2 protein chains.
Amino acid sequence: MVRKLTPKTLLERETQILDLAHDILLTEGPAFVTMERIAELVPFSKGTLYNHFKSREDVLMALFCRIQAGVHAIFSKGASYPGSSRDRYAAIIAASEVRSWSESDCCPQIIAPEVLEKASPEYHQRLTELHHKILGLLSSIATDAIEAGELPRDTPLEELIYGTWALAVGADELHRQKMIYPELTEETFAPIRRGMLHRMLDGYQWQPLSLERDYESIHQKVLSTVFAEEWAERKDQLKDEN
Amino acid sequence: MVRKLTPKTLLERETQILDLAHDILLTEGPAFVTMERIAELVPFSKGTLYNHFKSREDVLMALFCRIQAGVHAIFSKGASYPGSSRDRYAAIIAASEVRSWSESDCCPQIIAPEVLEKASPEYHQRLTELHHKILGLLSSIATDAIEAGELPRDTPLEELIYGTWALAVGADELHRQKMIYPELTEETFAPIRRGMLHRMLDGYQWQPLSLERDYESIHQKVLSTVFAEEWAERKDQLKDEN
DNA sequence: ACCTGAACACCGTTCAAGT
DNA sequence: ACCTGAACACCGTTCAAGT
């Protein structure tokens, strides 16, 4: 016999490993995503993990790719909101919030510099592609805006895209450091985060400006239409907490 | 004899430990800041490290506090730039760039959630105070701006302060992930980063807007006055690299 | 009173031996 | 052809024994 392990089994086990790693990440935190811990939960031995992933760093990268693929999916869903270019960008801001409900914000921790350095190039490749897809999605909306005359022709598009992305990343980072900023609770911070992002878009003169249009109510509309399901879940979740 | 170890010796050793940790952080990266590695470099044994710091996490927190104290110092220097409120804010943006020249951007890695959780409360306290000092500095400039009528009376100050802080943090985070965004080199990204921050200030209607005033030349002016020394060093450093 | 370094636990990674 | 688990290296932390 040449091969006992069908490709199917291989793939199944890989998803099993990542599912478990994801569970550990969400329930116990990034520090506990160890080969040891995964091996405890998986129905085969520690050594076999290394037939599927070359190193712990590769597991983390695979996990991060999966998470970022989820970000792209939910952003796309947001982008499908029917409305003006800026409404759609607002819907993506909503999407980024919806994502944080399900995924705890431990991503920057996963992707420490050593992880990036030690991971296999294939994963870099995949991650880079994913990020280009996400930034491309944002970019396409901004391009539509220029076409529609809702954004000036001479807008520095790159700056706008990386800027909003950086602001979202940075805001999540502050929120993650709750121990340092205890004043930034989930509840108070979410509207502040939206406010910052919209002010930035105002800075780029993306029409209609937030003075002329109430993007808070757009946010509510997006939640109750495109993300109705996720929002209902979230409300249950909040109810359980009280 | 009651005490061989004078307080002076105690403090000296603590700074020695932190100096070494800082060196390791800058030259070898956050992953190498280990008790083991520090013990190799210090003229006393590993066990004695624990007379000075309760845990590795406490060393990291002490180190981070020191780094953030440096941020506050350089921000203050920036804030001393003589000019309008927005010019001074621009000078702080310059300061945040100057800081990244000397300090590699590994701070978020140091302060992983586990680190925050395991560190002693004293360090939380210190770090929280430091961040309040930094945010307070930003806040005082914004308050001056309102007094001077350069920022609308109804500006959401908290949002503005946390917003610019988050944007700076997020932009540094993207830059740190060079492996994912190879297009964001130091050289191309620095002006983009400044651009984003100024657009955001434009969004808050901080006068004079960047359409009316060339903040790139203010940036140059700040570098060649307040940060003349640091800038000269930096130019040498860049020359050496080529 | 303070320091040392051996000892233990934990984790990543490898690989000889087993099936 | 694939899996296992013992073995090794590395690191954080403790503490009995030494000075």
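For the numbers below, each heavy atom of this structure counts, side chains included, while hydrogens, waters and symmetry mates do not. Chain A is the first sequence line, chain B the second, and so forth, proteins listed ahead of strands; every chain is numbered from 1. Here the structure is a predicted model, which is why all the values come from computation and not from measurement.
- When distances run from any side-chain atom of A:Asn51 to the nucleotides D:dT4, D:dC3, C:dC3, the shortest one goes to D:dC3.
- Of the candidates B:His131, B:Gln125, B:Lys133, B:Gln125 is the only one forming a side-chain hydrogen bond (donor to acceptor under 3.5 Å, both in side chains) with B:Glu129.
- Distance from the side chain of B:Ser45 is smallest to C:dT4 among C:dT4, D:dT4, D:dC11.
- One finds a salt bridge joining B:Arg194 and B:Glu97 here, because a Lys/Arg side-chain nitrogen approaches an Asp/Glu carboxylate oxygen to under 4.0 Å.
- Of the candidate nucleotides C:dT4, D:dT13, D:dT4, D:dT13 has the atom nearest to the side chain of B:Ser55.
- Between the side chain of B:Lys46 and the base of C:dT4 there is no donor-acceptor pair of N/O atoms closer than 3.5 Å.
- Among the protein residues, A:Thr34 comes within range of the sugar-phosphate backbone only, with heavy atoms under 4.0 Å from sugar or phosphate atoms but none that close to a base.
- Note on A:Asp19 versus A:Arg66: salt bridge recorded, some NZ/NE/NH1/NH2 to OD/OE distance being below 4.0 Å.
- When the nucleotides C:dT4, D:dT13, C:dT14 are ranked by their closest atom to the side chain of A:Tyr50, C:dT14 comes out on top.
- In this structure, B:Arg13 places its CZ atom 12 Å from C1' of C:dA1, rounding to the nearest Å.
- Between A:Arg37 and C:dG12 there is no side-chain polar atom (N or O) within less than 4.0 angstrom of OP1 or OP2.
- The distance between atom CE of A:Met35 and atom C1' of D:dC8, rounded to the nearest whole Å, is 17 Å.
- Comparing D:dT13, D:dC3, C:dG12 by their nearest atom to the side chain of A:Arg56 picks out C:dG12.
- In this structure, A:Asp172 pairs ionically with A:Arg193, as a charged nitrogen and a carboxylate oxygen lie closer than 4.0 Å.
- The NZ atom of A:Lys118 sits 11 Å away from the C1' atom of C:dC11 (whole-angstrom rounding).
- In a base pair of the Watson-Crick type (N1 to N3 plus N6-O4 or O6-N4) or a G-U wobble (N1-O2 and O6-N3), with each distance short of 3.5 Å, D:dA1 is matched with C:dT19.
- Contact annotation for B:Thr48: base contact, defined as any heavy-atom pair under 4.0 Å involving a base atom.
- Following rounding to the nearest Å, A:Asp58 (CG) and C:dT13 (C1') show an atom-to-atom distance of 13 Å.
- Residue A:Lys54 is classed as having no contact, given no heavy-atom separation below 4.0 Å to the nucleic acid.
- C:dC10 is unpaired under the criterion used here, namely a Watson-Crick or G-U wobble arrangement in which both key atom distances are under 3.5 Å.
- Rounded to an integer number of Å, the gap from NE2 of B:His52 to C1' of C:dA1 is 13 Å.
- Residue B:Ile38 contributes atom CD1, which lies 15 Å from atom C1' of D:dC10 at whole-angstrom precision.
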Exercise. Taking it one step at a time, do B:Glu186 and B:Trp101 satisfy side-chain contact (heavy atoms from CB on, under 4.5 Å)?
Worked result: CA-CA 10 Å; B:Glu186 173 96 43; B:Trp101 298 341; 4.2 Å; yes
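- Taking the side chain of B:Glu36 as heavy atoms from C-beta on, and the options C:dG12, D:dT13, D:dC11, the nearest nucleotide is D:dC11.
- Using a 4.0 Å cut-off between charged nitrogen and carboxylate oxygen, B:Arg56 and B:Glu36 do not count as a salt-bridge pair.
- Distance, B:Phe44 CZ to C:dG5 C1': 15 Å, rounded to whole Å.
- No engagement by B:Glu40 is indicated, since no non-hydrogen atom pair under 4.0 Å with the nucleic acid exists.
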